[in-house]
J.: 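I have a structure I would like to understand better, so I am pasting it below and will then ask my questions one at a time.
Note: hydrogens, waters and symmetry copies are ignored here, and every other heavy atom, side chains too, is used. Sequence lines set the chain letters: A, B, ... in the order given, protein chains first and strands last, and positions in each chain run from 1.
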Amino acid sequence: MRISGWIVGLLVVAGLLASVSCTSRSSGIEIKTADGRELKIKAEEVLRINITSEPPTLDWNKATDTTSSHVIDNIMEGLVQYNLADKELAPIPALATEWKASEKARVWTFKLRNDVKWTDGVAFQGQQVIDGWRRLLSKETASEYAYFLFAVKNAKAFNEGKVPWEQVGVKLEGDGGLRVELEKPMGYFPNLLTHTSTFPIRKDLIEKYGDSKWTEAGNMVTLGAYKLAVWQHDKEILLEANESYFGGVPPTKYVHAQMIVEQATAINLFDAGKLDAVDGIPSTELKTQRARKQYRSIGVLQLYYYGMNVKKAPTDNVHVRRALAQAIDRQKLVKLLDGGEIPMTGWVPSGMFGYFADVGLEFNLEKAKADLAKAGYGEGGKPLPKIELHFNTNENHQRIAEAVQAQLKENLGINVELKNEEWKTYLAKVKTDPPSLFRFGWLADYPDPDNFMNLMTSYSENNRTRWGDPRYDRLIEQAAGETDRDKRREIYRQANQIMLTEGVPVIPVLTSVAHLLVADRVEGFPVNAMRKFQYKAVRVK
Amino acid sequence: MKSGWLVFLFKRVLEAITTLFVIATLTFLLLRILPGGPFDSEKALPEEIKASIEARYGLDKPVSQQYVDYLTGLVQGDWGESYKYLGRSVTDIILETLPVSAELGIYSLLLALVIGIPLGVIAAAKHNSFFDTAAMLVAISGVALPSFVVGPILVMFFSFGIPFAFLHGSLPPALWDGWEYMILPVLTLGIRPAAIYARMTRGTVLEAIKQDYVRTARAKGVSERVVLFRHVLRNSLIPVLTITGPLVAGLLSGSFIIEVIFAIPGIGKHLVSSVSNRDYPLVLGLTLLYSSLLVISNLIVDIFYSIVDPRIRMEK
């Protein structure tokens, strides 16, 4: 009697669960928009994605992170956009129809579209670009990316409060044009304008709703392919097609973005048919997921490297630095990670203009030993003191560091001690007292080699190695002003050689790879090296 | 009698305020000692830009001034603006996420009480029986198994039908969109407190069952159910109530792991991420919130004590 009671109980629970499954399987979405509409969205009208977390802000003058850019890239456009179909992601027109350089690329003129309307029907004008730049550069805005426009004449001085706005080198010109005067020649200036921080802004809306509330759904006015219909903080965002978008109405009417931090959870939801795409696969699951036909991957413009403090023993000796660089077998590291990463010896990632496969120091044991001997260590010399290898706490960084530790022990007999720290503690450490050997990375802000090469100039805040070479600085400045691509490439080759063969303050390790899952019903999902997720061409079945 | 109550309450509230003040001060100081600042990132900022950002948030002032500003704001009900989520005040973040965590926490607590206490009572009543052993085995597993193991196992069972194919698709693996989405996280979060309640109730009931008054009640012919649930349980509840205070505070203020595993838009994840982001106002706000919940639930437990056992109030 008792056992039968349990069985009946279990059957009731199973029946209840089965009935739940029938009601919850509909993959459409019911949602209330900020303007009070009750939407019942059919599955074939919506692309369901994961943006991993709450966007810190949708104010493009202030956004600095990839989650915010993921949304902003779909609701806004700048003067210029990248050609995602081009191998080197060359800039192509967006709000500007054409541009021209003069005075050896020190002055740029942009012709603007005159058929663009914001989602509230107001016409797009050049003044809104100027308003955006002024707000970005104003001290009061306190934008982290204000320095993006420091190339513009007097922009930095304006940011520091030294000159009035009228002296900043941007003006409206003639019939729908914009004239930008730079501090010095810059051949890649249009590339900067692909960045969200430089997009036009509606000053009237910020005045109306206030600096922090104009980005809420219901208040926000944009001009991209989609508009913000719902932003339920910490939960979800709904984008709705902008019927008046100048590039044509996007084929998928809605984009529904969830905020799912855990990659394994996102994969579960993908498997349960509740997400159409997953960006990021945990390394432990890579092998299984790679076998699926929904799997996609792409090399991203992201560099993984080890920096060395050139003022701290023993890496203050260039021969020690050369020895370390030549004793690390990147091929083996890449094999260990098994995610399709590309080993690097140069400084510009593969997939970008300015990438060289044949610069820098390759793995070469004989040369490594010879360099170590020149430094007075190794066989016949004194033993090299123990080196600390610092990295921020992360499973993959740990795996790579352990492999490097084993290689340096085996190849050169060097004892390496691994030290990992929490991210912000680590950042503070590397900034104030850089260790002899430390991990770092860089993700491209825009697809131009200057974004990488500039890091290692003696005056860059991002050069944490204490290394500097006036020849290198001069070459980087020269390359920035060079408009001839072949000549520019050659200058970067020379700069790479000075840094990576003579100075060796860094050891480039690999270019990262992004792993994604895209549902069969999705066509044209954007998979590109800049990880720019624009959904205006995506179709769902 | 009435004034005794008031003095008791007044003393407790005063103690609570002092505790919260000490916590606020310590958290403020600890955050300033912690290496790394809120605006340190992989991409280093030019000094002049960093300076204008710090000025915007008052971080350029001396720490003592920042502390005074912080306390003044606190007293005026202004908990500040998040450094990470621009334009969102700490109170906005709490108001938007706490209800979700509280909903999850309340259901889990109810589940724990409804399962844990009866299970403990029955296990004690059937001391050393098969039921007792089985119930305590389940309870020990419930205490020992971490939620990051229990959660994925439940998802495997009820969302993907492994190994019971007939359960495939019964419940969604994550998200927070309706009651069917709540079942797995509530179970995952509720199992541990249920197990704790079961073990503790069993222990205290076993203790109480040996008392003279129970023997007397039985001798008078009172039914076993009435003996257990009216006489024994009431006297066994004090230790159980003691753990309810911190449990309620913990459950209401969200669980980082459960919220991450099930993608629940609650406050739990902010408790952890605000520290790694060095989002000072949010860390301070959430610490104060958690401490207040803890202090208030302990206060309520104390009041319950005095109802269950008036001697406690008298002693104090």
J.: Show your working on side chain to side chain contact (heavy atoms under 4.5 Å, CB included) between B:I49 and A:K139 and close with a plain yes or no.
T.: CA-CA 8 Å; B:I49 289 180; A:K139 207 178 180 131; over 6 Å; no

J.: Measure A:D271 against the heavy atoms of chain B and call it side chain, backbone, both or neither at under 4.5 Å.
T.: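 Both backbone and side chain.
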
J.: To the nearest 0.5 angstrom, please state how far the CG atom of B:D177 sits from the NZ atom of A:K235.
T.: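 It is 4.0 Å, given to the nearest 0.5 Å.
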
J.: Which distance, rounded to the nearest 0.5 Å, do you find between the OG of A:S143 and the CZ of B:R56?
T.: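 If we round to the nearest 0.5 Å, A:S143:OG and B:R56:CZ are 11.5 Å apart.
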
J.: So, taking the atom named NE2 in B:H270 and the one named CG in A:D234, what distance separates them when rounded to the nearest 0.5 Å?
T.: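 Rounded to the nearest 0.5 Å, the NE2-CG separation comes to 3.5 Å.
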
J.: Pairing donors with acceptors under 3.5 angstrom, does anything connect the side chains of A:H233 and B:D92?
T.: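 Note: A:H233 and B:D92 side chains miss the donor-acceptor criterion.
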
J.: Does the side chain of B:L175 come within less than 4.5 Å of A:E236's, by heavy atoms?
T.: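 Of all side-chain heavy-atom pairs linking B:L175 with A:E236, none is under 4.5 Å.
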
J.: Keeping the roles fixed (side chain from A:N268, backbone from B:P173), state whether a donor-acceptor pair exists under 3.5 Å.
T.: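 Not a single qualifying donor-acceptor pair exists.
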
J.: Run the salt-bridge test on A:E54 and B:R88 with the 4.0 Å N-O cut-off and return the result as yes or no.
T.: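 So A:E54 pairs with B:R88 through a salt bridge.
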
J.: Is a side-chain N or O of A:T265 found less than 3.5 angstrom from the main chain of B:A263, in a donor-acceptor match?
T.: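 No; judged by distance alone, with no hydrogens or angles, the pair does not exist.
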
J.: Give, for atom NZ of B:K43 and atom OH of A:Y147, the distance between the pair rounded to the nearest 0.5 Å.
T.: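 Reported value, rounded in 0.5 Å steps: 6.5 Å.
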
J.: Drop me the distance from A:E144's CD to B:L86's CG, to the nearest 0.5 angstrom.
T.: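 Reported to 0.5 Å precision, the distance equals 8.0 Å.
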
J.: Treating A:K424 as the side-chain partner and B:G37 as the backbone partner, does any N or O pair qualify as donor plus acceptor under 3.5 Å?
T.: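 Answer holds: yes.
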
J.: Judged by modelled atom types alone, do B:R278 and A:T425 share a side-chain donor-acceptor pair under 3.5 Å?
T.: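 Side-chain D/A pair, B:R278 to A:T425: present.
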
J.: Would you compute the distance between atom OG of B:S41 and atom CG of A:N462 and round it to the nearest 0.5 angstrom?
T.: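 One finds 8.0 Å between OG of B:S41 and CG of A:N462.
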
